[in-house]
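Chain letters run A, B, ... following the sequence lines, proteins first, then strands; residues in each count from 1.
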Amino acid sequence: MPVVLHVDLDQFIAAVEVLRRPELAGLPVVVGGHGDPTRRGVVATASYAAREHGIRSGMPLRTAAKRCPDAVFLPADNPAYEAASARVMDVLRGLPDVVVEVLGWDEAFLGVETDDAGAFAAAVQEAVHAATALHCTVGIGDNLLRAKIATGFGKPAGTYRLTRDNWFAVMGERPTRALWGIGARTARRLADRGLHTVADLAAADPAALAADLGPRMGPYLVQLGRGIGRERVDGTPWVPRSHGRETTFPEDLEDWADVRREVAALARTVAGELAGRPARRVGVKVRFVPFTTRTRSATLPAPTRDPDVLAAAAGEVLDRFPARRAVRLVGVRAEF
DNA sequence: TCTGGGGTCCTAGGACCC
DNA sequence: TCTGGGGTCCTAGGACCC
């Protein structure tokens, strides 16, 4: 029978760092930003030892340092993680008769035909560990949604099965926030309508939610509550929709001329990373002090890969921003 | 708690056209 | 005179995920 597996590497970024620095094994390791907790930045990944001190992904490095002053802070080394990720994905693609859909550096869905999903999941874990020394958790499901959520119950280094047969027993009384695709904001909007649990959401009227939350979003959320989702893993290579760069400055920029210079520089960097695909639109993001974020964008007269053209276009978009308070971040994004 | 950087998709209003 | 309806593109912002 067709089975969906969700493979998720355990504390991936921290694990990659420990592999090349074995003396860090078992220590609280925090990776993120420039590796300096006195500078602006957030936690990308914390090792399990660091998590025991209450350190979580997305937390400011400053806060992490307060919770665990003895933690080892390391800068993010994206090329190293990309290389490790590529090795893992190659292992997955090398498994017999499996379709692989990559979801991120440390995650992938596997579509496979098997009558013993548990044994297959164990084989996946062994193959990944043998080739990379990395541990992973495997969620087993009858669709992508259930496989993905199952992984959370199998951590670390285990497996878990979530299907139509145990969906409501496992998930029914949990908050809607436990669903993949429902964040804090949507959970609150649902709670305002009396929908607190997964079972509440599953029993809601799709048409009523459509009127409140949008024609696609409303019905989609009810499906989420029922554990219904895509069943077919799609192995076709991903084609990026956009590519961008953004920078948070160590000190806020007070002078708009500096902002202009940074936008131009980012636009040239982005142009150099387009990999042959011309940009059709360009977007500029500005985060003003204290934290108000605004975006502007424009369709280009003609698609371009030219750094000068992209930089000029980004500059024109920047000119359309009204307020000129101090700036803590700028970003430039090219859309294809 | 004083909040990174890289993305994706959805929504809604207005422009514009037939 | 003062107004239909559908389709598509553009744009800004929101929400979410890793």
Side-chain angles (χ1 to χ4, degrees), chain A residues 6 8-9 11-14 30-46 54-67 75-79 81-82 85 102-108 144-145 148-149 151-152 176-177 179-190 209-221 224 238-250 252 266 269-270 273 280-301 317 320-322 328-336:
Chain A
H6 176 253
D8 191 305
L9 293 152
Q11 46 170 6
F12 172 63
I13 289 173
V30 177
V31 184
H34 298 86
D36 176 355
T38 66
R39 291 184 60 181
R40 286 174 170 172
V42 300
V43 176
T45 301
I55 297 175
R56 296 285 178 271
S57 296
M59 174 182 285
L61 292 178
R62 275 193 182 90
T63 308
K66 275 179 205 152
R67 299 216 175 169
D77 180 2
N78 291 3
Y81 314 141
E82 279 163 19
S85 174
V102 178
L103 198 62
W105 279 347
D106 61 345
E107 283 181 60
L144 279 72
L145 173 67
K148 165 81 179 172
I149 294 175
T151 298
T176 58
R177 184 74 177 83
L179 295 166
W180 183 39
I182 295 188
R185 192 65 186 256
T186 302
R188 184 142 45 82
R189 293 182 72 181
L190 292 172
L209 273 190
D212 283 354
L213 295 159
R216 293 174 66 88
M217 199 54 95
Y220 161 73
L221 292 172
L224 273 188
W238 180 253
V239 181
R241 272 71 161 162
S242 67
H243 174 73
R245 290 276 172 178
E246 61 185 64
T247 309
T248 294
F249 305 109
D252 302 329
L266 283 174
T269 300
V270 168
E273 296 171 335
R280 302 189 147 275
R281 291 175 53 78
V282 61
V284 175
K285 174 157 122 181
V286 178
R287 179 121 73 211
F288 295 100
V289 175
F291 206 72
T292 312
T293 308
R294 291 283 177 265
T295 60
R296 294 283 185 279
S297 61
T299 300
L300 299 167
V317 172
R320 304 197 339 241
F321 281 85
R328 60 176 289 144
L329 168 149
V330 295
V332 174
R333 176 161 300 277
E335 294 174 33
F336 303 118

Q: Starting at atom CG of A:Leu224, determine the distance to atom P of C:dA15, rounded to an integer number of angstrom.
A: 17 Å
Q: When all nucleic acid strands are considered with a 4.0 Å heavy-atom cut-off, which category describes A:Ala44: base, sugar-phosphate, or nothing?
A: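 A:Ala44: no heavy atom of the nucleic acid under 4.0 Å.
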Q: Heavy-atom count check: over 12 atoms from other residues, nucleotides or ligands less than 6.0 Å from A:Arg280 CZ?
A: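 Count not over threshold, so no.
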Q: If you look at every heavy atom in A:Pro219 and A:Ala210, which pair is closest and at what distance?
A: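 Minimum heavy-atom separation between A:Pro219 and A:Ala210: CD-CB, 3.9 Å.
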Q: Name the nucleic acid region contacted by A:Ala184, choosing base, sugar-phosphate or nothing; use a 4.0 angstrom heavy-atom cut-off, strictly under.
A: sugar-phosphate
Q: Is A:Ser57 reaching over with its side chain to a backbone N or O of A:Ala44, donor-acceptor style, under 3.5 angstrom?
A: yes
Q: Check the distance between C:dA15's P and A:Leu209's CG and give it to me in whole angstrom.
A: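 About 16 Å, once rounded to whole Å.
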Q: Using atom CD1 of A:Ile55 as one end and atom C1' of B:dT1 as the other, report the distance to the nearest whole Å.
A: 13 Å
Q: Can a side chain N or O of A:Arg320 be found less than 4.0 Å away from OP1 or OP2 on C:dA12?
A: yes
Q: What heavy-atom pair brings A:Ala334 and A:Val270 nearest, and what distance separates the two atoms?
A: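 Heavy atoms of A:Ala334 and A:Val270 come nearest at CB-CG1, 3.8 Å.
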Q: Tell me whether the side-chain N/O atoms of A:Arg185 come closer than 4.0 Å to OP1 or OP2 in C:dC16.
A: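 Indeed not, no polar side-chain atom of A:Arg185 lies that close.
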Q: Ignoring hydrogens, what is the shortest heavy-atom contact between A:Ala298 and A:Val317? Give both atom names and the distance.
A: CB-CG2, 3.8 Å
Q: Under the criterion of centre distance below 5.5 Å and interplanar angle below 30°, is A:Trp105 classified as stacked on the base of C:dC18?
A: no
Q: May I have the distance from A:Tyr220 (atom OH) to C:dA15 (atom P), rounded to whole angstrom?
A: 15 Å
Q: Over how many whole Å does the gap from A:His34 atom NE2 to B:dG4 atom P extend?
A: 12 Å
Q: Need one value for A:Gly41: base, sugar-phosphate or nothing, where a base atom within 4.0 Å counts as base even if backbone is also close, heavy atoms only.
A: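 The answer is sugar-phosphate, as A:Gly41 gets under 4.0 Å only of primed atoms, P, OP1 or OP2.
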Q: Phosphate oxygens OP1/OP2 of C:dA12: is one of them under 4.0 Å from a side-chain N or O of A:Ser297?
A: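 Looking at the OP1 and OP2 atoms of C:dA12, one of them is under 4.0 Å from a side-chain N or O of A:Ser297.
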Q: Determine the minimum heavy-atom distance between A:Val43 and A:Ala64, stating which atoms define it.
A: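 Residues A:Val43 and A:Ala64, closest heavy atoms: CG2-CB, 4.0 Å.
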Q: Looking across every strand, which nucleic acid part, if any, lies under 4.0 Å from A:Thr293 by heavy atom: base, sugar-phosphate, or nothing?
A: nothing
Q: Whether A:Arg296 contacts C:dG13 is assessed here as follows: a side-chain N or O lying under 4.0 Å from the phosphate OP1 or OP2. Is that the case?
A: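 Yes, because at least one side-chain N or O of A:Arg296 sits under 4.0 Å from OP1 or OP2 of C:dG13.
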Q: Tell me whether the NZ or CZ atom of A:Arg296 lies within the 45° cone about the ring axis of A:Phe321 and under 6.0 Å from its centre.
A: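 So A:Arg296 does make the cation-pi contact.
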Q: Do A:Leu300 and A:Val282 have side-chain heavy atoms sitting under 4.5 Å apart?
A: yes
Q: For DNA chain C, what dot-bracket results from Watson-Crick or G-U pairs at under 3.5 Å, with [ ] for crossers and | for inter-strand partners?
A: ....||||||||||||||
Q: Nearest whole Å is fine: how far is C:dC16 P from A:Leu103 CG?
A: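 Rounded to whole Å, this separation is 17 Å.
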Q: Identify whether any heavy atom of A:Leu329 sits under 4.0 Å from a base atom; if not, whether one sits that close to sugar-phosphate; answer base, sugar-phosphate or nothing.
A: sugar-phosphate
Q: For A:Pro250, is there any backbone N or O sitting under 3.5 Å from a side-chain donor or acceptor partner on A:Arg39?
A: no
Q: With rounding to the closest Å, how many angstrom separate the P atoms on C:dC17 and B:dT1?
A: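 It comes out at 23 Å once rounded to the nearest Å.
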Q: Report the distance from atom CZ of A:Phe288 to atom P of C:dG13, rounded to the nearest whole Å.
A: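 After rounding, the gap between these two atoms is 10 Å.
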Q: At 4.0 Å (heavy atoms only), tell me whether A:Leu61 reaches a base, stays on the sugar-phosphate, or touches nothing.
A: nothing
Q: Quick one: is A:Thr299 getting a side-chain N or O under 4.0 Å of the C:dT11 phosphate, OP1 or OP2?
A: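 Yes.
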Q: Between A:Arg67 and B:dT1, does any side-chain N or O lie under 4.0 Å from OP1 or OP2?
A: no
Q: Just by distance, do the side chain of A:Arg177 and the backbone of A:Ile182 share a donor-acceptor pair under 3.5 Å?
A: yes
Q: Determine: side-chain N/O of A:Arg287 to OP1/OP2 of B:dG4, distance under 4.0 Å, yes or no.
A: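 For A:Arg287, the contact criterion (side-chain N or O under 4.0 Å from OP1 or OP2 of B:dG4) is met.
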Q: So what does A:Asp106 hit on the nucleic acid, given a heavy-atom distance under 4.0 Å: a base, only sugar-phosphate, or nothing?
A: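 The answer is sugar-phosphate, as A:Asp106 gets under 4.0 Å only of primed atoms, P, OP1 or OP2.
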Q: Can you give me the N/O atom pairs linking the protein to nucleotides 6-9 of chain C at distances under 3.5 Å, or say none if there are none?
A:
none

Q: If we take the C1' atom in both B:dC2 and C:dC18, what is their distance in whole Å?
A: 22 Å
Q: Verify whether one side chain among A:Thr248 and A:Arg328 offers a donor that lies under 3.5 Å from an acceptor in the other.
A: no
Q: Could you tell me whether the phosphate oxygens of C:dA15, OP1 or OP2, come under 4.0 Å of any side-chain nitrogen or oxygen in A:Thr186?
A: no
Q: Are any of A:Thr248's side-chain N or O atoms less than 4.0 Å away from OP1 or OP2 of B:dG5?
A: yes
Q: side-chain contact (heavy atoms from CB on, under 4.5 Å) between A:Thr176 and A:Thr186: does it pass, once the steps are laid out?
A: CA-CA 9 Å; A:Thr176 58; A:Thr186 302; over 6 Å; no
Q: So what does A:Gly283 touch, heavy atoms closer than 4.0 Å: a base, only the sugar-phosphate, or nothing?
A: nothing
Q: Pair A:Ile149, A:Leu179 - check side-chain contact (heavy atoms from CB on, under 4.5 Å), show working.
A: CA-CA 7 Å; A:Ile149 294 175; A:Leu179 295 166; 3.9 Å; yes
Q: So if I take every side-chain heavy atom of A:Lys148 and compare against C:dA12, C:dC18, C:dC10, which nucleotide ends up nearest?
A: C:dC18
Q: For A:Phe291 and A:His243, find the nucleotide of DNA chain B closest to each by heavy atoms; which residue's nucleotide sits nearer the 5' end?
A: A:Phe291
Q: Could you say whether A:Thr63 or A:Arg333 is positioned toward the 5' end of DNA chain B, judged by the nucleotide with the nearest heavy atom to each?
A: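 Going by which nucleotide is closer to the 5' end, it is A:Thr63.
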Q: Applying the side-chain hydrogen bond (donor to acceptor under 3.5 Å, both in side chains) criterion to A:Ser297, which one of A:Arg333, A:Arg281, A:Arg320 satisfies it?
A: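 The single option meeting the side-chain hydrogen bond (donor to acceptor under 3.5 Å, both in side chains) with A:Ser297 is A:Arg281.
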Q: Heavy atoms within less than 4.0 Å of DNA chain B: which residues of residues 211-219 of chain A have one? Give them sorted by number.
A: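 Correct list: A:Gly214, A:Pro215, A:Arg216, A:Met217.
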Q: Just how far, in rounded Å, is P of C:dC16 from CG of A:Leu179?
A: 12 Å
